[in-house]
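Below is one structure, written out as structure tokens; the observations come after it.
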Amino acid sequence: MQQIIVRKLIVDEHNELFDAQGMRYIEFPSDYNRIREYTTYVLQDCPEAYKEGNLLEQQLSEIIKNGIKHGNKKDPSKKLKVWYDLRKRVRFIVEDEGEGFTNLEAWNEYYRKRQEALFREDFDTFLNLASYRGPNSDAEDGGNSLIAALEYWNGGMIYNNKKNKVGVVRWFTNGSSVGTPQ
Amino acid sequence: MMDTIHGWYTLEISGDLDLYSAPELLKKTLEILQQRITHFHIDCSRVHYLDSSGVGTIIKTLQAAKARGIKITFSGIQGTPRKVLSMANILPILTEATPPQVKQST
């Protein structure tokens with residue numbers, strides 16, 4: 001029997017994913033042209049098995065992009081703070097200086113409608129809903145990064161109350177196709 | 001490449017389809033869809049990196065093709081780009097087919 005899967009973005013200020021103890025830290029200026037460079041820097045010591053080709057780079061890059069573009073509005077005077085831990089699993093906390101993802105609940109509702117359309121194989125509706133368009137979206141926004149992120153970050157994707165800080169984790173055990181590096 | 005006889009247009013894309021290259025590709029695909037074609041094929045076999053901006057370009061191209069009544073197919077989606085499209089739930093609306101054999105290119 002086919003099942004509909006509707007995940008949600010969650011706000012939990014005190015979630016353990018925001019515990020940065022023991023994590024490495026770096027901050028970047030909000031330079032849109034250097035997003036992939038920043039990502040490569042953070043992952044330079046990451047075990048190859050955790051990278052899954054360039055999938056980890058792609059997913060981390062999306063979070064950094066969201067912080068720099070939507071959070072800090074590409075203002076180079078605003079910093080993007082990144083905490084990271086690449087031991088046993090990959091875990092990140094990314095915080096920007098913006099006003100926060102104020103449309104989080106609207107996004108959850110959008111995603112529910114999108115998944116329902118897919119479930120009933122209403123591909124015309126699904127195609128119309130394929131990209132999220134929020135009040136701050138522009139023509140270059142893909143509008144789908146959070147959809148993939150909810151699946152990729154299999155240990156959680158949590159926002160703080162202000163919604164300008166996100167904690168994520170991906171585990172590589174219990175069903176993952178990737179083994180733990182030696 | 002364009003097969004002017006049968007109304008096919010095949011576009012081969014390669015390298016990284018990311019936040020920096022996706023807008024240019026979208027401009028290109030929308031230009032192609034303005035031509036008198038019936039079938040647009042995109043060969044992705046040499047795409048090695050795909051992010052949400054690239055996925056967005058694919059979605060907007062699909063929407064534009066549908067609006068103009070142009071059939072659109074894809075081939076060569078593999079590796080992490082395929083995984084990204086799968087995670088974004090876009091694969092179910094993509095029609096995958098072998099690349100057409102065109103007679104001439106322009």
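Each chain gets a letter, A, B and so on, in the order the sequences are listed, and its residues count up from 1. Quick caveat: nothing in here was measured; it's all calculated off a predicted structure.
The local environment of NZ in K73(A) is crowded, with over 12 non-hydrogen atoms from other residues, nucleotides or ligands closer than 6.0 Å. Other residues, nucleotides and ligands place no more than 12 heavy atoms under 6.0 Å from the NZ atom of K27(B). The environment of CZ in R133(A) is crowded: more than 12 heavy-atom neighbours from other residues, nucleotides or ligands sit within 6.0 Å. For CZ of R24(A), the number of neighbouring non-hydrogen atoms (other residues, nucleotides, ligands) closer than 6.0 Å is 12 at most. A 6.0 Å sphere centred on CD of E24(B) holds no more than 12 heavy atoms belonging to other residues, nucleotides or ligands. Within 6.0 Å of the OH atom in Y41(A), the count of heavy atoms belonging to other residues, nucleotides or ligands does not exceed 12. Within a 6.0 Å sphere centred on NZ of K81(A), other residues, nucleotides and ligands contribute 12 heavy atoms or fewer. Residue Q44(A) qualifies as enclosed at atom CD: its count of foreign heavy atoms under 6.0 Å is above 12.
Between atom OG of residue S52(B) and atom CG of residue N66(A) there is a gap of 7.0 Å, rounded to the nearest 0.5 Å.
Most heavy-atom pairs under 4.5 Å with chain A: of the set G54(B), A22(B), P23(B), this distinction falls to P23(B). Chain A forms the most heavy-atom pairs under 4.5 Å with one residue out of T57(B), I58(B), D16(B), and that residue is D16(B). When each of A130(A), G143(A), A149(A) is checked for heavy-atom pairs under 4.5 Å with chain B, A130(A) comes out on top.
Panel note: side chain D51(B), backbone Q58(A); no donor-acceptor pair is recorded below 3.5 Å.
Side-chain heavy atoms closer than 4.5 Å link hydrophobic residues (I, L, V, M, F, W, Y) into clusters, and following such links, even through other members, never connects Y49(B) to V55(B). Both M23(A) and Y25(A) sit in one connected hydrophobic cluster of ILVMFWY residues. Membership requires side-chain heavy atoms under 4.5 Å apart, directly or through other members. One hydrophobic cluster holds both F126(A) and I4(A) under the rule that ILVMFWY side chains link at heavy-atom gaps under 4.5 Å.
The part of R114(A) that comes within reach of chain B is its side chain, from C-beta onward, which places non-hydrogen atoms under 4.5 angstrom from that chain. Neither the backbone nor the side chain of L146(A) comes within less than 4.5 Å of any heavy atom of chain B. For chain B, no part of K69(A) is nearby; none of its heavy atoms comes within less than 4.5 Å. For chain B, the nearby parts of Y152(A) are the backbone and the side chain; heavy atoms of each come within less than 4.5 Å. Only the side chain of Q59(A) has a heavy atom closer than 4.5 Å to any heavy atom of chain B.
Scanning residues 62-81 of chain B against chain A with a 4.5 Å heavy-atom cutoff picks out L62(B), Q63(B), K66(B), T80(B), ordered by number. Within residues 83-95 of chain B, the residues that have a heavy atom under 4.5 Å from a heavy atom of chain A are K83(B), V84(B), M87(B), A88(B), N89(B), I90(B), P92(B), I93(B), listed by number.
Shown here for Y20(B) and R34(A), the closest heavy-atom pair between the two residues is OH-N, 3.6 Å. What you find for I59(B) and S131(A) is that their closest heavy atoms are CD1-OG, 3.4 Å.
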